[in-house]
Amino acid sequence: MEANSTMQQQVNVYRASLLDFPAPTSNPSSDFRYIQDGLLVTRNSKIVDIGSYNNLISSYKSHTISDLRGKLIIPGLIDSHLHFPQTEMLASYGEQLLEWLNNYTFPTEAKFADDDYATKIASIFLHQLVSNGTTTGMVFSTVHKSAADALFNAASKLNMCLIAGKVCMDRHCPVELQDSPALAQQHSAELIESWHGKGRLAYALTPRFAPTSSEQQLAALGELAKQYPDVYIQTHLSENLNEIEWVRQLFPKHRSYLDVYDQYGLVRKGSVFGHCLHLQDEEWRRLKSAQATIAFCPSSNLFLGSGLFELEKARQHGINVSLASDVGAGTSFNMLRTMGDAYKVCQLKHNPLCPLEGLYMMTQGAACNLGLEHTIGNLNTGTDADFVVLDPAFNELSALRTQHLIEERTISAPQDVLFALSMLADERTIFQTYIAGNCVHQVNKELN
Ligand code: GUN
Ligand code: FE
């Protein structure tokens, strides 16, 4: 049977410009790998070779080569904070966070009590991710256990590396969206047992945010966090000034917003906190000492008028930062556009954000923050073959803008191309998306 299994090995060879960060770094603007005329080789679900065309071609003479010259291959993009049930309410007019939650979010999330509905939206949601080049997401579901099951089921069919969790909330939201401390613990535990570590899936304990969880519920989730030290944790922190004042009133004994989560053992490596716009000094320090991660959600922060993230402060404190869309408060699934919004937020703060740092925060950097750099986030041999093929000339304007950056069908200035795409990108920019070696999306083509 040896010969048979060898025959089944599927080797694919791609020729394009290749850009990634092969190792963790605090200096992405210099520690990148760029191969102007490169070959990327996959076997089944893994990357097995990467190098320059000239160095590698002799080894792959007998293979058909996918000629993607003029295009740029980067690792599959990682969106470190977004909400699957909010897909349909993206771009809902007006209001700041707390009103937006009451007027749009809660009524929409209530629809997910219907399993068929959840299954339908899970499929649309994952299609939106892959057609925008996102191959891994850290995702909030709704309070309903069955909606999380629907999402995990859909992701497992794509063999996708997805982290998700059932939202837990037992107060300050409509009754039909409330669980309880015991139910939150039981359903979260059942979902961990069903999905955490199954294939490429992982679980994140997901208290929505401090105002919608009682102290008893946070304690119940803290117990689970202790019982399952390798599950992730995701929530929101310090997004909106009214929210922060509300937390102060609800939890008068706690020193800070972060301290509420900390008291219940929810602040650790693998905890990802969305937003973090108005932190006190002690909160910055605690995020650092815990090796926790901030999900920087620029498009959402502009959309809800929440504030401007201080990336420079995070850099000074040496805190892990990943980029995230926060759909449906974020206005696009496209992480390149999200990086463009991050640049604009940093401009308003007079902090530069170079495109390589932006790329790092949604590839290798985000993977490292999740402890997943040995499987995703880069183009290293031995990792899972999740990658994206970008077309710099996807429309008339982008072709005009990037034409001088392309020489003899290879890209001479990848940073410039990336930056231009961060402002101009849409779905047409994503020529192809590969998950575990399979092409799961090709522009203008229905793939099954
Ligand atoms: N804080 C609590 N819930 C949410 C949510 O769904 N979106 C955002 N942006 N912030 C939140
Ligand atoms: Fe969010």
Side-chain angles (χ1 to χ4, degrees), residues 79-92 94-112 121 125 134 137-144 147-148 151 163-174 177-179 184 204-213 217-218 221 232-247 250-251 257-258 260-261 266 271-278 293-309 322-333 335 338 341 345:
D79 186 341
S80 294
H81 176 120
L82 78 168
H83 301 255
F84 122 74
Q86 295 176 15
T87 306
E88 69 193 83
M89 53 165 280
L90 180 153
S92 294
E95 313 294 356
Q96 301 226 338
L97 174 66
L98 299 177
E99 299 77 22
W100 178 85
L101 286 173
N102 285 324
N103 294 341
Y104 301 111
T105 313
F106 293 150
T108 306
E109 294 194 9
K111 295 189 198 175
F112 287 72
I121 302 295
F125 172 75
T134 297
M138 188 155 182
V139 184
F140 287 60
S141 184
T142 63
V143 74
H144 315 94
L151 179 64
I163 303 168
K166 171 204 117 64
V167 159
C168 300
M169 43 184 181
D170 63 351
R171 62 175 182 170
H172 299 138
C173 64
L177 286 178
Q178 290 181 20
D179 52 15
L205 294 170
T206 309
R208 173 172 222 116
F209 68 156
T212 45
S213 288
Q217 177 163 88
L218 293 171
L221 295 176
Y232 296 99
I233 296 168
Q234 61 181 350
T235 187
H236 297 88
L237 175 66
S238 198
E239 176 177 5
N240 167 289
L241 294 175
N242 291 339
E243 168 211 14
I244 295 166
E245 175 55 25
W246 194 21
V247 171
L250 291 170
F251 298 91
Y257 193 161
L258 183 63
V260 175
Y261 298 130
L266 299 171
S271 298
V272 178
F273 295 95
H275 308 294
C276 301
L277 300 182
H278 314 282
T293 294
I294 294 174
F296 172 18
C297 309
S299 145
S300 161
N301 298 157
L302 294 169
F303 180 73
L304 289 178
S306 304
L308 301 173
F309 179 62
S322 302
L323 256 186
S325 71
D326 194 28
V327 157
T331 49
S332 172
F333 276 90
M335 289 301 291
T338 304
D341 283 341
V345 164

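Every number for a ligand or one of its atoms is a count from 1 in the order of the listing.
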Does the ring center of Phe140 lie less than 6.0 Å from the ring center of His81? yes

Enumerate the atoms of ligand 1 whose separation from the nearest heavy atom of [X] is less than 4.0 angstrom.
{"X": "Leu97", "value": "1 (N), 8 (C), 10 (N), 11 (C)"}
{"X": "Asp326", "value": "8 (C), 9 (N)"}
{"X": "His275", "value": "9 (N)"}
{"X": "Glu239", "value": "1 (N), 8 (C), 9 (N), 10 (N), 11 (C)"}
{"X": "Gln86", "value": "5 (C), 6 (O)"}
{"X": "Ala329", "value": "9 (N)"}

Starting from the C-alpha separation in whole Å, work towards a yes-or-no answer on side chain to side chain donor-acceptor pair (under 3.5 Å) for Ser299 and Thr331. CA-CA 6 Å; Ser299 145; Thr331 49; 3.1 Å; yes

Give a yes or no on whether [X] keeps an N, O or S atom under 2.8 Å from the Fe ion (ligand 2).
{"X": "Glu239", "answer": "no"}
{"X": "His236", "answer": "yes"}
{"X": "His275", "answer": "no"}

Run through Phe209, Trp246, Phe106 and flag the one making a ring pair (Phe, Tyr, Trp, His ring centres under 6.0 Å) with His172. Trp246

Can you tell me which N/O/S atom of His83 has the shortest distance to the Fe ion (ligand 2)?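 Closest to the Fe ion (ligand 2) among those atoms: NE2.
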
For N/O/S atoms only: which one belongs to Asp326 and is nearest the Fe ion (ligand 2)? OD1

If every non-hydrogen atom of Met169 is compared with every non-hydrogen atom of Arg208, which pair is closest and at what distance?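 Smallest interatomic distance, heavy atoms only, reads CE-NH1, 3.4 Å.
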
On a heavy-atom basis, which atom in His278 and which in Ser306 lie closest, and how many Å separate them? NE2-O, 3.0 Å

Say whether Trp100, considering both its backbone and side-chain N or O atoms, lies within less than 3.5 Å of an N or O atom on ligand 1. no

Check whether any N or O atom of Glu109, backbone or side chain, sits under 3.5 Å from an N or O atom of ligand 1, and answer yes or no. no

Close side-chain approach of Leu218 to Pro207, heavy-atom, < 4.5 Å: yes

With a 3.5 Å cut-off and no angle check, do the side chains of His275 and Asn240 form a donor-acceptor pair? no

Parallel, tilted or perpendicular, judged at 30° and 60°: which one describes the rings of [X] and [Y]?
{"X": "Phe333", "Y": "Phe125", "answer": "perpendicular"}
{"X": "Phe309", "Y": "Phe296", "answer": "tilted"}
{"X": "Phe84", "Y": "Phe112", "answer": "perpendicular"}

Among protein heavy atoms, which lies nearest atom 3 (N) of ligand 1, and at what distance? Arg208 NE, 2.8 Å

Close approach of Glu243 to ligand 1, heavy atoms, under 4.0 angstrom: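 Heavy atoms of Glu243 never come under 4.0 Å of ligand 1.
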
